[in-house]
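Report on one structure; see the data block that follows.
Below, read A as the first sequence line, B as the second, and so on, with proteins coming before strands; counting in each chain starts at 1. Fair warning: this is a prediction, and the values are worked out from it, not measured in the lab.
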Number of protein chains: 2
Amino acid sequence: MSVLNNAADVLRCFGKDCPDLTVSDVVRLLGMPKANASRLLKAMREANMLETIGDSHRHRPGRLMLDLAAAYRRSSLLIGRASEVVAEASAIYGHTGYISVRDGKEVTAVADFQGTNALRVVSNIGRRLPAHLSATGRSLLARLGEEAVHALYAGHGALADLTEELSKVRHQGFAYSSQEATPGVDAIAISIADPRTDEAVSLCIVYPHALVDIKGRDEMIAALAKGAARIAEDLGDSAFVAPRI
Amino acid sequence: MSVLNNAADVLRCFGKDCPDLTVSDVVRLLGMPKANASRLLKAMREANMLETIGDSHRHRPGRLMLDLAAAYRRSSLLIGRASEVVAEASAIYGHTGYISVRDGKEVTAVADFQGTNALRVVSNIGRRLPAHLSATGRSLLARLGEEAVHALYAGHGALADLTEELSKVRHQGFAYSSQEATPGVDAIAISIADPRTDEAVSLCIVYPHALVDIKGRDEMIAALAKGAARIAEDLGDSAFVAPRI
DNA sequence: CCGAGTCGTTCCATTAAATGGAACTCGAGT
DNA sequence: ACTCGAGTTCCATTTAATGGAACGACTCGG
């Protein structure tokens with residue numbers, strides 16, 4: 001099924017910073033003969049996996065793909081429950097919140113809730129972040145055993161720091177970052193899991209550093225924690241530790 | 001490229017109300033030999049187009065698909081501009097807003113902004129609605145010529161009503177529905193297009209019928225219209241008509 | 001503990017599709 | 001008119017998809 005893999009490779013190209021693709025982009029990025037690239041994009045177009053932008057030769061993901069992220073959300077009880085909690089916290093405090101999942105060494109947001117404050121962090125849904133460099137990523141990595149993290153980050157320079165940071169997250173019950181990925185932006189994150197499906201998600205709030213002091217931060221952690229604890233109990237997530245603040 | 005089409009057909013199954021798929025679901029829904037279904041799902045799994053839920057045999061869209069909706073949004077300047085307008089209106093009035101696109105006789109939301117009011121309409125992103133039965137759909141259909149609508153809905157029972165309704169939308173500059181798709185829920189929608197790419201989107205606000213009178217509705221229409229007019233001017237959308245209220 | 005039923009995977013010969021080099025088309029820019 | 005880059009089409013070769021049938025795993029009711 002080589003076509004499928006090629007098609008998946010094409011779709012992966014959209015991942016990082018590439019808003020659209022042409023035949024020659026695909027040739028360059030994937031090192032594929034251009035006859036193949038041309039036919040592949042055509043077939044993907046006909047299958048609604050891609051569509052052209054206007055009548056140019058540039059391609060973007062097709063309509064078929066639009067609903068799949070929503071289908072993913074709908075397939076998971078955990079995501080639905082977590083969304084309720086974050087949506088409420090986001091509405092109360094006015095900061096942007098999101099739900100994210102880990103995929104190897106990366107995290108992706110699966111749902112976001114725009115804050116309402118005049119100064120708020122714009123959500124970055126659909127953009128992959130390195131798990132070890134974000135609060136939401138570390139809250140998810142902390143759920144892995146220490147060995148699993150070692151295996152995942154074997155040979156990685158940041159492993160020592162990460163190990164220490166994760167044990168702190170495990171002890172505290174939440175992850176925190178201050179101006180780490182983005183200057184002026186802090187984040188808090190708590191993870192929960194569904195033992196029946198082995199999936200884990202992170203509940204995260206991001207906010208402008210200047211607007212929230214430690215007291216305000218702890219208030220939001222408590223709000224997330226309350227909802228997360230209820231979900232953990234309902235689903236039987238025995239690994240959940242209530243945050244200590 | 002028959003695999004691609006089969007894969008696309010599988011992905012389409014997630015569209016309506018089907019949160020997960022098994023091999024036999026695929027056999028039943030697509031009438032495919034089960035040997036093929038089994039191998040196809042396996043290949044899609046390996047390409048990250050699907051993933052299993054826990055260690056069961058149930059499949060959902062894979063992580064690869066999660067970012068594609070966001071890539072779609074990023075590829076379109078129009079969607080970005082429209083999102084700003086709806087996000088602001090949603091924050092001001094506290095009602096849920098979304099941006100949607102038309103795909104034949106259906107409309108899909110591509111972005112949503114949860115309202116903050118205690119009583120708010122929960123967004124239905126990723127669920128396809130019949131275009132002729134929703135305000136957002138009619139605001140987009142109104143952009144088509146009358147002949148194009150006739151061609152699209154040839155033989156459809158609702159064509160006469162729809163034609164009349166659309167000419168009203170064209171004249172008013174906005175579409176309105178009161179308790180149409182959902183009891184107790186009203187909606188307003190304004191569409192704009194980017195002539196360079198031939199894409200059109202609808203800016204839509206949905207709100208509880210009981211909470212908003214005509215005056216409040218017109219205020220929101222004016223807010224959307226103001227943002228939409230600015231976008232229409234910037235992009236050169238000559239077909240845009242400013243709402244008359 | 002057994003057998004019927006359901007579900008998923010694997011095997012294998014047949015058939016159909018993907019592959020990649022080269023030739024061809026189309027526009028844009030000297 | 002010529003060239004350059006981008007995209008598509010052609011064709012013989014190779015490779016992968018197909019579907020019937022057999023096989024393994026599991027569940028339910030007796």
Side-chain angles (χ1 to χ4, degrees), chain A residues 1-14 17-62 64-65 71-72 75-76 195-199, chain B residues 1-14 17-62 64-65 71 75 195-199:
Chain A
M1 307 237 187
S2 145
V3 235
L4 261 191
N5 289 298
N6 287 335
D9 287 339
V10 168
L11 294 177
R12 251 180 281 276
C13 292
F14 289 110
D17 50 354
C18 184
D20 48 58
L21 287 174
T22 63
V23 170
S24 12
D25 288 336
V26 172
V27 169
R28 184 165 2 93
L29 292 169
L30 303 180
M32 168 188 297
K34 67 176 176 176
N36 287 5
S38 175
R39 278 177 306 221
L40 178 59
L41 292 194
K42 184 181 176 192
M44 291 178 74
R45 237 156 36 215
E46 283 164 0
N48 286 301
M49 288 184 174
L50 294 181
E51 62 185 38
T52 54
I53 302 181
D55 48 5
S56 72
H57 286 139
R58 300 183 309 146
H59 294 75
R60 66 174 161 207
L64 173 56
M65 304 312 194
Y72 187 95
S75 77
S76 164
R196 292 178 312 156
T197 60
D198 268 329
E199 57 185 352
Chain B
M1 307 235 186
S2 146
V3 236
L4 262 190
N5 289 299
N6 288 335
D9 287 340
V10 168
L11 294 177
R12 253 181 278 277
C13 292
F14 289 111
D17 49 355
C18 185
D20 49 58
L21 288 173
T22 63
V23 170
S24 14
D25 288 336
V26 173
V27 169
R28 184 165 0 92
L29 292 169
L30 303 180
M32 171 188 295
K34 68 176 174 173
N36 287 4
S38 175
R39 276 178 305 220
L40 178 59
L41 292 194
K42 184 182 176 193
M44 291 177 74
R45 235 155 40 215
E46 284 164 1
N48 285 301
M49 287 184 175
L50 294 181
E51 62 185 39
T52 54
I53 302 181
D55 49 5
S56 72
H57 285 140
R58 299 183 308 146
H59 294 74
R60 67 174 158 206
L64 174 55
M65 304 312 193
S75 78
R196 292 177 313 157
T197 60
D198 268 331
E199 58 185 351

* To do: Send over the distance from A:Asn6 CG to C:dG20 C1', rounded to a whole Å.
  => 13 Å

* State, with a plain yes or no, whether a side-chain heavy atom of A:Val23 is found less than 4.5 Å away from one of A:His57. => no

* Rounded distance (Å) that lies between atom C1' of C:dT9 and atom CD of B:Glu46 -> 13 Å

* **B:Leu40 side chain near A:Leu4 side chain, heavy-atom distance below 4.5 Å** => yes

* Structure fact -> Residues passing the side chain to side chain contact (heavy atoms under 4.5 Å, CB included) test with B:Asp198, sequence neighbours excluded, are none

* **Rounded interatomic separation in angstrom, taking CG from B:Leu41 and P from C:dC7** => 14 Å

Table please: side-chain donor-acceptor pairs of residues 41-50 of chain B below 3.5 Å, with sequence neighbours left out.
unit_1  : atom_1 : unit_2  : atom_2 : d
B:Arg45 : NH1    : B:His59 : NE2    : 2.9

* Write down the distance between NE2 (B:His57) and C1' (C:dT6), rounded to a whole number of angstrom. => 12 Å

* Of the non-hydrogen atoms in B:Pro61 and A:Tyr72, which two are nearest, and what is the gap between them? -> O-CD1, 3.1 Å

* To do: Please list, chain by chain and in numerical order, all residues satisfying side chain to side chain contact (heavy atoms under 4.5 Å, CB included) with B:Cys13, sequence neighbours excluded.
  => B:Leu21, B:Leu29, B:Leu30

* Rounded interatomic separation in angstrom, taking CG from A:Asp9 and P from C:dT19 -> 11 Å

* **Residues which pass side chain to side chain donor-acceptor pair (under 3.5 Å) with A:Thr197, listed by chain and number, not counting sequence neighbours** => A:Glu199

* Asked: Rounded to whole angstrom units, what separation is found between the CG atom of A:Asn5 and the P atom of D:dA16?
  -> 11 Å

* Structure fact -> Rounded to whole Å, CG of A:Leu40 lies from P of D:dG7 at a distance of 14 Å

* For the pair B:Ser38 (side chain) and B:Ala35 (backbone), establish whether a donor and an acceptor sit closer than 3.5 Å, ignoring hydrogens and angles. => no

Heteroatom pairs (N/O) under 3.5 angstrom, protein to nucleotides 9-13 of chain D:
unit_1 : atom_1 : unit_2  : atom_2 : d
D:dC10 : N4     : A:Arg39 : NH1    : 3.4

* **Near-strand residues of residues 18-30 of chain A, defined as heavy-atom separation under 4.0 angstrom from DNA chain D** => A:Thr22, A:Val23, A:Ser24

* To do: Name all residues meeting the side chain to side chain contact (heavy atoms under 4.5 Å, CB included) criterion together with A:Arg58; count only those two or more places apart in sequence or in a different chain, and write none if there are none.
  => A:Asp20, A:Thr22, A:Ile53, A:Ser56

* Rounded distance (Å) that lies between atom P of D:dA25 and atom CG of B:Asp55 -> 16 Å

